[in-house]
Amino acid sequence: MRKKIVAANWKMNMTQAESARFIESLLLDLGDITDVEVVIVPPFTAIAKVTEALGKAQNIKVGAQNMYWERSGAFTGEISAALLRDLFVHYVVLGHSERRILFGETDEIVNRKVRAAHEATLRPIVCVGETLEQRDRGNVEKILSIQLRGSLKDLSEKELQETVIAYEPVWAIGTGRNATPEQAQEAHTFIRHTLREIADDATAERVRIQYGGSVKPENARELMSQPDIDGALVGGASLDPRSFAEIVKAARAEVA
Ligand code: 13P
């Protein structure tokens, strides 16, 4: 049984003060939840504030939105896995479509980062997903297969099991147009099938696959009731503590 994982990707939003208020409000609503894994992914500048505000609520984990693969050195403007671990960060989102499209990240770059994250015992959340044009051309499986095989190259079975995959169709991100539960389930089934080919059945069964793209309190439960949807990676709706808490509760309802 895979534990559901719901993450708040704040992207380039949230000051320190806003972050602290958010966590205070989330804790009042959820408490230190244990049946669903909750991850807050603030901008780098608010990571320490979020950790401080979480205090003893140690079941809620903190993530980062990116990192560089080198361990240390002359890489102005970059952050290493070790520097993130120093801030008590547990997860790192890698290969988000915004990084792939706006900042030119390739599968090879994503793969270097994924391997560096594992080396530092940071758990990667690896994002994959097709554009609308690729979907319209019938290339969803081809694109997912290329992205998965490229981004997850040379990982051990243990590392794969500790990797979270996020299926985020680009056309669903920030558009208000989520994939239907059937469309998402179909993509997740394919992703798990590909993981079986990359590794083996047991490994593929253990990897958690989140759905991301216009997840809201109104659609979260139906999406997460699908057999291969193991959680959500939430953008816009994660900026409001009440709507994010509703999405976490939708995951919890699927556990119960
Ligand atoms: P939205 O929830 O705003 O569509 O963003 C999804 C996303 O990109 C999460 O990483």
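All ligand and atom numbering here is 1-based and tracks the order in the structure.
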J.: If the cut-off is 4.0 Å to any non-hydrogen atom of Glu168, which atoms of ligand 1 fall inside it?
T.: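 Reading through ligand 1 atom by atom, the close ones are 6 (C), 7 (C), 8 (O), 9 (C), 10 (O).
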J.: If the cut-off is 4.0 Å to any non-hydrogen atom of Gly236, which atoms of ligand 1 fall inside it?
T.: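 Result: 1 (P), 2 (O), 3 (O).
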J.: Tell me whether Val234 has any N or O atom under 3.5 angstrom from an N or O of ligand 1.
T.: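 N/O-N/O distance under 3.5 Å: no.
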J.: My understanding is that only one of Lys61, Lys4, Arg208, Lys3 makes a side chain to side chain donor-acceptor pair (under 3.5 Å) with Glu37; could you say which?
T.: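 Exactly one pass, corresponding to Arg208.
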J.: In Å and rounded to the nearest 0.5 Å, what is the CG to OG distance from Asn111 to Ser151?
T.: 7.0 Å
J.: What salt bridge (Lys or Arg N to Asp or Glu O under 4.0 Å) pairs are there with at least one residue in residues 224-237, not counting sequence neighbours?
T.: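 Those involving residues 224-237 are Arg2-Asp228, Arg2-Asp230, Arg192-Asp228, Arg192-Asp230.
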J.: Is the CD atom of Glu24 crowded by more than 12 outside heavy atoms at less than 6.0 Å?
T.: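 Not buried by this count: 12 neighbours or fewer within 6.0 Å.
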J.: Only one of His188, Gln210, Glu130 clears side chain to side chain donor-acceptor pair (under 3.5 Å) with Tyr167; which?
T.: Glu130
J.: Kindly confirm or rule out an N or O of Asn9 lying under 3.5 angstrom from an N or O of ligand 1.
T.: yes
J.: Would you please determine whether Gly213 falls within less than 4.0 Å of ligand 1 on a heavy-atom basis?
T.: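 For ligand 1, residue contact (heavy atoms, under 4.0 Å) with Gly213 is present.
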J.: Mark up the atoms of ligand 1 that fall under 4.0 Å of a heavy atom belonging to Leu233, in ascending order.
T.: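 This gives 9 (C), 10 (O) as the contact atoms.
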J.: Where does Ala172 meet ligand 1, judged by heavy-atom distances below 4.0 Å: at the side chain, the backbone, both, or neither?
T.: backbone
J.: Which pair of non-hydrogen atoms, one from Ala20 and one from Ala53, has the smallest distance, and what is that distance?
T.: CA-CB, 4.2 Å
J.: For ligand 1 and Lys11, I'd like to know whether there is a polar contact (N/O to N/O, distance under 3.5 Å).
T.: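 So ligand 1 has an N or O lying under 3.5 Å from an N or O of Lys11.
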J.: Answer yes or no: does atom CD of Glu108 have more than 12 heavy-atom neighbours from other residues, nucleotides or ligands under 6.0 Å?
T.: no
J.: So for ligand 1, is Gly235 a polar contact partner (N or O within less than 3.5 Å, distance only)?
T.: yes
J.: Mark the output for Ala166 as yes if a heavy-atom distance to ligand 1 is under 4.0 Å, and as no if none is.
T.: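 Flag not set, Ala166 not near ligand 1.
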J.: For a quick check under 3.5 Å, do Thr189 and Glu186 share a side-chain donor-acceptor pair by atom type?
T.: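 Side chains of Thr189 and Glu186: no pair found under 3.5 Å.
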J.: Are any of the N/O atoms on Gly174, whether in the backbone or the side chain, positioned under 3.5 angstrom from an N/O atom of ligand 1?
T.: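 Such a contact does occur with ligand 1.
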J.: Does even one non-hydrogen atom of Gly212 get within less than 4.0 Å of ligand 1?
T.: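 For ligand 1, residue contact (heavy atoms, under 4.0 Å) with Gly212 is absent.
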